[in-house]
Amino acid sequence: MTGVYSGMPRWLLAVAAAGALFLIVPLTALVLRVDWSRFAELVTSDSSRAALLLSLQTSGTSTLLCVLFGVPMAYALARTRFRGQRVLRALVLLPLVLPPVVGGIALLYTFGRQGLLGESLRVLGVDIAFSTAAVVLAQTFVALPFLVLSLEGALRTAGTRYEAVAATLGAGPTTVLRRVSLPLVRPGIVSGAVLSFARALGEFGATLTFAGSLQGVTRTLPLEIYLQRETDPDAAVALSLVLVAVAVLVVAVAHRIHEGNAP
Amino acid sequence: MTRRLRRLVSAVVVFALASCSNTDPATDGVLNVYAAASLQAPFEEIAAEFEAAHPGLSVQLNLAGSSDLATQIIAGAPAEVFAPANAATMEQVAAEGLLASPSKTFATNVLTIAVAAGNPLGIESLESLTEPGIATVLCAPQVPCGAAAAAAQEVSGVWLEPVSEEGSVTDVLGKVSSGQADAGLVYVTDVDAAGGGVDGVPFDAAAQAVNTYPIAAVGSSGDPASDFIDLVLGESGQEILSSHGFGKPAQ
């Protein structure tokens with residue numbers, strides 16, 4: 001332990017170690033419980049494959065929606081000033097801290113068959129109840145704030161200098177956005193999208209409350225894990241490990257982007 | 001500053017240790033009863049009666065899905081009485097050698113078709129659930145209410161195509177009471193507990209898909225546990241259960 005002075009008291013290090021163990025030990029316990037002899041069979045069963053495929057499809061779609069709506073939202077929050085902006089930002093970021101089940105109930109009373117918009121949608125021939133679209137709505141609801149938050153931060157950090165220069169050189173607002181602003185914060189968009197994807201993939205409470213649970217239609221991987229746990233805890237553990245692996249991948253990708261972005 | 005932090009840290013550690021050590025059953029005047037979520041209303045009444053008859057003892061009810069409770073007990077939770085919603089779950093715990101005595105059946109429950117209050121779609125039988133445009137929700141076959149629903153379909157020969165297979169009977173009820181689904185198969189006691197939001201439509205095959213509730217003392221539990229079980233099996237316990245819509249077990 002010779003060398004660089006870290007400036008950190010030992011007792012503080014001990015508390016930090018305890019905290020780290022608290023986070024790491026449960027993951028280790030999960031890995032230790034995996035029944036490797038049945039692992040391949042468990043994660044490739046019909047219901048597991050259907051759940052994984054559905055999860056990837058819905059999370060992918062949700063991420064696209066998050067980028068589509070989140071980029072303009074972040075832009076509006078970072079580059080404009082208007083009355084009530086702080087309140088609006090707080091409201092838009094609320095799903096970050098809201099229990100997902102509350103989000104599910106809110107969606108139910110908005111898009112549900114007897115919800116605020118449900119009746120009108122039904123007249124138009126759109127029935128969202130128990131459809132894959134309901135899963136995408138639930139995931140987008142919880143994931144969108146992640147993209148808005150991370151991109152708004154990136155936009156503020158990037159500043160408006162280059163944009164102002166481009167404007168004085170005669171570029172219109174759309175050209176500035178396309179040629180200057182967006183390329184400048186591309187890492188922010190990508191890492192925001194990765195975070196949104198991860199959040200959508202893990203969505204459970206809102207989906208369960210709002211969309212239901214049917215193999216291949218609404219039963220995503222977290223719902224499948226929750227159900228398998230009833231009868232086959234080994235299958236639940238094996239599928240959990242798949243989600244952990246995806247999470248590790250997501251963290252690695254997000255980390256790389258940040259590294260690449262660092263000055 | 002450091003002293004204050006140190007004090008805070010030791011307080012946290014002591015609290016953590018203290019909350020880990022409180023696992024000795026019954027010595028602290030608490031009887032831990034693990035019961036299926038559907039038993040909430042009658043077991044709260046029975047617990048109150050038990051506490052009135054046993055001064056100094058209080059009943060701690062842990063109400064959750066039967067499989068969750070079984071998992072907790074097998075993992076070493078301090079349960080003294082276990083009352084799941086089906087025999088299969090009790091057998092899981094029995095297979096681990098955790099029961100103090102053989103389990104006894106204390107109640108039965110049958111399925112019913114939950115529909116919106118007033119039955120606006122005029123649902124009369126299982127067959128009406130197969131009509132086009134009727135959104136029916138069932139429990140997944142993995143949970144007790146789903147096993148009962150599968151048995152009812154088998155007996156009646158009517159095969160339903162659910163729009164969703166939920167993980168618990170309360171989720172099925174929630175989908176019907178919120179108007180998302182038109183109908184769902186739940187227990188008669190669930191409709192009873194839901195109040196005015198939903199109505200129950202009885203159907204023939206339900207009588208052949210009866211769900212039985214077993215009860216047993218767990219581990220090295222003492223007299224309070226067997227007293228509680230006697231109360232549930234006895235006249236007043238049975239009266240409370242039937243007032244909530246539960247059936248009496250076959251003798």
Side-chain angles (χ1 to χ4, degrees), chain A residues 9-19 22 29 33 47 101 104-115 118-119 122 127-132 134-135 204-205 207-219 222-237, chain B residues 1-3 5-10 12-13 16 64-72 74-75 84-86 88-89 92 116-117 120 133-147 160-168 170-172 174-182 184 197:
Chain A
R10 277 216 191 134
W11 61 268
L12 195 64
L13 210 57
V15 178
F22 173 68
R33 280 302 294 264
S47 56
V101 63
I105 292 173
L107 287 170
L108 193 62
Y109 289 121
T110 310
F111 298 102
R113 280 182 16 178
Q114 292 174 359
E119 292 284 330
R122 240 180 150 178
D127 194 355
I128 292 171
F130 304 112
S131 68
T132 306
V135 178
F204 173 76
T207 309
L208 191 68
T209 318
F210 174 56
S213 173
L214 192 67
Q215 184 176 329
V217 182
T218 49
R219 188 175 295 153
L223 271 71
E224 174 73 16
I225 290 172
Y226 192 65
L227 188 62
Q228 286 293 351
R229 198 187 43 107
E230 297 276 351
T231 45
D232 192 352
D234 286 343
V237 169
Chain B
M1 188 65 190
T2 32
R3 183 172 294 173
L5 252 177
R6 205 177 292 174
R7 220 179 283 159
L8 181 73
V9 169
S10 58
V12 168
V13 170
S66 300
S67 323
D68 279 339
L69 294 174
T71 310
Q72 289 169 19
I74 291 168
N86 68 351
T89 317
Q92 279 177 28
I134 302 281
T136 305
V137 178
L138 303 179
C139 283
Q142 287 92 332
V143 294
C145 55
L160 304 175
E161 282 179 27
V163 291
S164 181
E165 292 177 339
E166 305 285 334
S168 79
T170 44
D171 284 333
V172 174
K175 296 291 189 291
V176 176
S177 62
S178 68
Q180 279 296 91
D182 300 313

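Since this is a predicted model, take the numbers as computed values, not measurements. Chain letters run A, B, ... following the sequence lines, proteins first, then strands; residues in each count from 1.
Minimum interatomic distance between A:L208 and B:D171 (heavy atoms only, all atoms of both residues): CD2-OD2, 4.1 Å. Here the closest heavy-atom approach between residue B:A140 and residue A:L227 is recorded as CB-CD1, 3.5 Å.
When heavy atoms are compared at a cutoff of 4.5 Å, B:A181 approaches chain A by way of both its backbone and its side chain. Contacts of B:V137 with chain A are made by side-chain atoms alone, with heavy-atom separations under 4.5 Å and no backbone atom involved. Of the atoms belonging to A:T209, it is backbone heavy atoms, and not side-chain ones, that fall under 4.5 Å from chain B. Contact annotation for A:L223: neither backbone nor side-chain heavy atoms come within less than 4.5 Å of a heavy atom of chain B.
With a 4.5 Å cut-off on side-chain heavy atoms, A:R113 and B:D182 count as touching.
Proximity of a side-chain donor or acceptor of A:S213 to a complementary backbone N or O of B:S164 within less than 3.5 Å is not detected. A donor-acceptor pair under 3.5 Å is absent between the side-chain atoms of B:E166 and the main chain of A:G212, judged by distance alone. In this structure, A:R219 contributes its side chain and B:E165 its backbone to a donor-acceptor pair below 3.5 Å.
Separating the OH atom in A:Y226 from the CG atom in B:D68 is a distance of 5.5 Å, to the nearest 0.5 Å.
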